[in-house]
Amino acid sequence: MEKIKQECIVVATTINLVVMNCFGVFTPLLYLVLILMVMDLVTRLYAAGIRVDEKVESRKMLKGLYRKLGLCLLIIISLILDLGLKEITKTLGLNITVKILFTALTLAWLFVRELISNLENLQWAGIELPVFILKAMTVTKERVDKIGESMLVIEDKKES
């Protein structure tokens, strides 16, 4: 049993190192987003189970799992976009400053989106939520969207 425990620790550590190598300082945010995705499925299941006008259906749960898989693919695509732009500018010797980290903004957007979805599921289950939390999430989502729009600028570096 101890050997299995040690092997699990080695595997988990290796996976974490690979993830940290890819996502760097955004690794904790990635883990929070993944936790929120799982929680979203659980809170949706909870809400469906508690309401009399709704029933838990495996087809709906499967659809939710597919949606979460799509969001995970979005994270990977954002990471590939960041890495690709970095390689293109380096390899081709382009003098371009990319004023955005697509992975960071995608993770921030997903974090807020998943948090809002969890809160909506709880509301749908009849849980009263503090207004300040709902307001904070709405404002945060709007600001992340604005940052994404305003920072999506690729401009030539000034030669010095």
Side-chain angles (χ1 to χ4, degrees), residues 7-48 56-125 129 133-159:
E7 288 176 3
C8 288
I9 290 171
V10 168
V11 169
T13 302
T14 303
I15 291 170
N16 189 49
L17 288 172
V18 169
V19 170
M20 287 178 66
N21 187 46
C22 291
F23 290 90
V25 296
F26 303 112
T27 302
L29 185 55
L30 171 68
Y31 290 150
L32 289 173
V33 167
L34 294 175
I35 289 168
L36 284 171
M37 285 181 178
V38 172
M39 284 179 57
D40 188 43
L41 293 169
V42 171
T43 57
R44 178 67 176 107
L45 183 64
Y46 166 73
V56 178
E57 295 179 27
S58 59
R59 188 169 192 75
K60 285 184 180 179
M61 288 303 293
L62 192 57
K63 187 177 178 181
L65 284 172
Y66 284 142
R67 190 172 290 129
K68 298 304 177 196
L69 177 61
L71 294 175
C72 289
L73 291 173
L74 175 63
I75 293 168
I76 293 168
I77 289 169
S78 297
L79 179 64
I80 290 169
L81 178 60
D82 279 338
L83 296 174
L85 285 174
K86 182 179 171 185
E87 280 303 307
I88 288 170
T89 57
K90 185 174 80 173
T91 304
L92 298 178
L94 297 176
N95 205 11
I96 295 176
T97 301
V98 181
K99 289 188 172 182
I100 189 165
L101 294 170
F102 290 99
T103 306
L105 282 176
T106 300
L107 287 173
W109 182 80
L110 284 171
F111 176 80
V112 174
R113 180 185 181 280
E114 290 298 313
L115 228 141
I116 290 170
S117 183
N118 273 278
L119 293 171
E120 287 171 347
N121 289 340
L122 291 176
Q123 268 186 326
W124 195 61
L129 300 175
I133 289 178
L134 299 172
K135 176 95 174 152
M137 289 300 96
T138 302
V139 168
T140 305
K141 184 178 182 302
E142 289 170 1
R143 288 194 181 160
V144 168
D145 285 338
K146 272 186 185 177
I147 290 169
E149 290 171 12
S150 68
M151 291 183 68
L152 189 55
V153 176
I154 299 176
E155 59 183 46
D156 291 326
K157 284 184 184 177
K158 304 281 189 253
E159 295 291 331

Minimum heavy-atom distance [X]-[Y], with the two atoms named:
| X | Y | result |
| --- | --- | --- |
| Cys22 | Leu79 | O-CD1, 3.5 Å |
| Leu36 | Asn118 | O-ND2, 3.2 Å |
| Ala104 | Leu29 | O-CD2, 4.3 Å |
| Thr106 | Ser78 | OG1-OG, 2.8 Å |
| Met37 | Lys68 | O-CE, 3.8 Å |
| Met137 | Val112 | O-CG1, 3.7 Å |

Calculate, to the nearest 0.5 Å, the distance between atoms [atom1] and [atom2] belonging to [X] and [Y] respectively.
| X | Y | atom1 | atom2 | answer |
| --- | --- | --- | --- | --- |
| Cys72 | Leu30 | SG | CG | 8.0 Å |
| Asn21 | Thr27 | CG | OG1 | 9.0 Å |
| Ile133 | Leu122 | CD1 | CG | 10.0 Å |
| Ile80 | Glu87 | CD1 | CD | 13.0 Å |
| Leu81 | Leu85 | CG | CG | 4.5 Å |
| Asp40 | Glu120 | CG | CD | 9.0 Å |

Determine whether [X] and [Y] make a side-chain contact, defined as any pair of heavy atoms from C-beta on separated by less than 4.5 Å.
| X | Y | result |
| --- | --- | --- |
| Thr43 | Trp124 | no |
| Thr140 | Phe111 | no |
| Phe26 | Ile75 | no |
| Glu114 | Leu32 | no |
| Ile77 | Phe102 | no |

With a 3.5 Å distance limit and no angle check, can you tell me whether Asp82 reaches the backbone of Thr103 through a side-chain donor-acceptor pair?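 Side chain of Asp82 to backbone of Thr103, a donor-acceptor pair under 3.5 Å: yes, one is there.
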Is there a side chain to side chain contact (heavy atoms under 4.5 Å, CB included) between Glu142 and Asp145? Walk through the geometry before answering. CA-CA 5 Å; Glu142 289 170 1; Asp145 285 338; 5.7 Å; no
